[in-house]
Amino acid sequence: MFVGEGPGADEDASGLPFVGKAGQLLNNMIAAMGLKREEVYIANIVKCRPPGNRTPEFIEATTCSQFLVRQIDIVHPEVIVALGATAATYLLGVKQSLASLRGQWHSVRGAKVAVTYHPAFLLRDPRQKAEAWKDLQRVMAEMHLVAPKRP
Ligand code: URA
């Protein structure tokens, strides 16, 4: 299961998570892990697009958290990947830097949680993609996933 921040304009229009540019990169990340998008569940911290696409506020995230908790309990994922600081903060209930949360396993409602960069951040700073790939490789090792051979 992947958890992002909240719908953007493209997601609001389609009603689906991660369908815009960041979604295309997330699709590539999922494929690089040897998975299909149909094999993973994608959710967001907030369920409505905050005005002007700003970061969700505490009250918005905590209002929506009951829905995310239900999603996690129904999907019962082995591993959750928190995408970016907002997802990590509200999923884990801690306010720490992304750097301090990456590289270790956390636990939420019976699922192991890994933290990595948000795809939208990686689009702005592609040099961090190698670091994100390290995070995903740790997830793959935990789940015994093998990266597909490059054509
Ligand atoms: N960014 C997110 O965090 N979630 C989406 O669904 C799309 C973009």
Side-chain angles (χ1 to χ4, degrees), residues 1-57 60-61 64-65 67-72 74-92 96-106 108-109 111-151:
M1 182 166 179
F2 291 83
V3 177
E5 181 173 304
D10 294 321
E11 290 75 21
D12 233 16
S14 68
L16 297 168
F18 280 101
V19 291
K21 280 221 166 65
Q24 283 163 25
L25 179 54
L26 180 60
N27 287 347
N28 293 343
M29 292 158 73
I30 291 166
M33 297 173 78
L35 293 167
K36 296 190 181 71
R37 185 159 163 144
E38 308 82 73
E39 293 176 305
V40 304
Y41 190 88
I42 305 173
N44 279 309
I45 293 292
V46 292
K47 309 307 187 189
C48 305
R49 180 173 181 243
N53 241 5
R54 60 159 169 69
T55 304
E57 289 173 1
E60 294 163 342
C64 287
S65 69
F67 299 107
L68 182 59
V69 164
R70 286 277 291 149
Q71 286 173 301
I72 294 170
I74 290 168
V75 174
H76 203 63
E78 184 182 344
V79 172
I80 300 175
V81 180
L83 301 166
T86 300
T89 299
Y90 292 107
L91 200 53
L92 303 176
Q96 286 178 33
S97 70
L98 201 70
S100 70
L101 296 170
R102 285 182 56 231
Q104 49 179 304
W105 287 105
H106 308 270
V108 169
R109 301 191 82 79
K112 295 173 211 131
V113 179
V115 174
T116 193
Y117 295 109
H118 192 288
F121 170 77
L122 296 173
L123 289 173
R124 292 195 300 274
D125 189 357
R127 288 169 308 176
Q128 302 304 325
K129 282 185 181 178
E131 286 297 303
W133 181 229
K134 283 186 202 163
D135 298 332
L136 298 182
Q137 282 177 307
R138 291 181 71 247
V139 173
M140 291 165 65
E142 185 67 30
M143 300 185 73
H144 310 292
L145 297 172
V146 180
K149 291 203 171 55
R150 286 177 180 264

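Reckoned from all heavy atoms, side chains included, excluding hydrogens, waters and symmetry mates. Heads up: numbering here begins at 1 and tracks the sequence.
In this structure, F2 CZ and L136 CG are separated by 6.5 Å, a value rounded to the nearest 0.5 Å. Atom CD of residue E78 and atom CE of residue M1 lie 14.0 Å apart, to the nearest 0.5 angstrom. Taking CD1 of I30 as the start and CG of L25 as the end, the distance is 10.0 Å to the nearest 0.5 Å. Once rounded to the nearest 0.5 Å, the distance linking CG of L83 with CG of L26 reads 6.0 Å. The line from CG of L35 to CG of L145 is 5.0 Å long, rounded to the nearest 0.5 Å.
Scanning all heavy atoms of the two residues, the minimum distance from I45 to L91 falls at CD1-N, 4.1 Å. The minimum heavy-atom distance linking L98 with G84 is given by the pair CD1-C, 3.6 Å. Between P119 and A22, the shortest heavy-atom distance links the atoms CB-O, 3.5 Å. The two residues L16 and V19 come nearest to each other via the heavy atoms CB-CG1, 3.7 Å. Across every non-hydrogen atom of P7 and N53, the tightest pair is O-OD1, 3.9 Å. Of all heavy-atom pairs between P148 and A32, the closest is CD-O, 3.5 Å.
Applying the side chain to side chain donor-acceptor pair (under 3.5 Å) test to S100 and every residue at least two apart in sequence or in another chain returns Q96, S97. Y117 is linked by a ring-ring contact (aromatic ring centres under 6.0 Å, His included) to F121, counting only residues two or more places apart in sequence or in another chain. With sequence neighbours left out, the ring-ring contact (aromatic ring centres under 6.0 Å, His included) criterion links F18 to H118. Partners of N27 according to the side chain to side chain donor-acceptor pair (under 3.5 Å) rule, which considers only residues two or more places apart in sequence or in another chain, are R37.
The side chain to side chain donor-acceptor pair (under 3.5 Å) contacts involving residues 2-24 comprise E5-T86, where partners must be two or more places apart or lie in separate chains. Counting only residues at least two apart or on different chains, the salt bridge (Lys or Arg N to Asp or Glu O under 4.0 Å) pairs with a member in residues 120-138 are R102-E131, R102-D135, D125-R127, E131-K134.
Looking at heavy atoms from C-beta onward, H76 lies out of side-chain contact with Y41 at the 4.5 angstrom threshold. V3 places none of its side-chain heavy atoms less than 4.5 Å from the side chain of V113. You'll find the side chain of L122 reaches within 4.5 Å of the side chain of M29, heavy atoms only.
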Evaluate the side chain to side chain contact (heavy atoms under 4.5 Å, CB included) criterion for residues V139 and W105: first the C-alpha distance (whole Å), next the side-chain angles of each, then the deciding distance (0.1 Å), finally the verdict. CA-CA 9 Å; V139 173; W105 287 105; 4.0 Å; yes
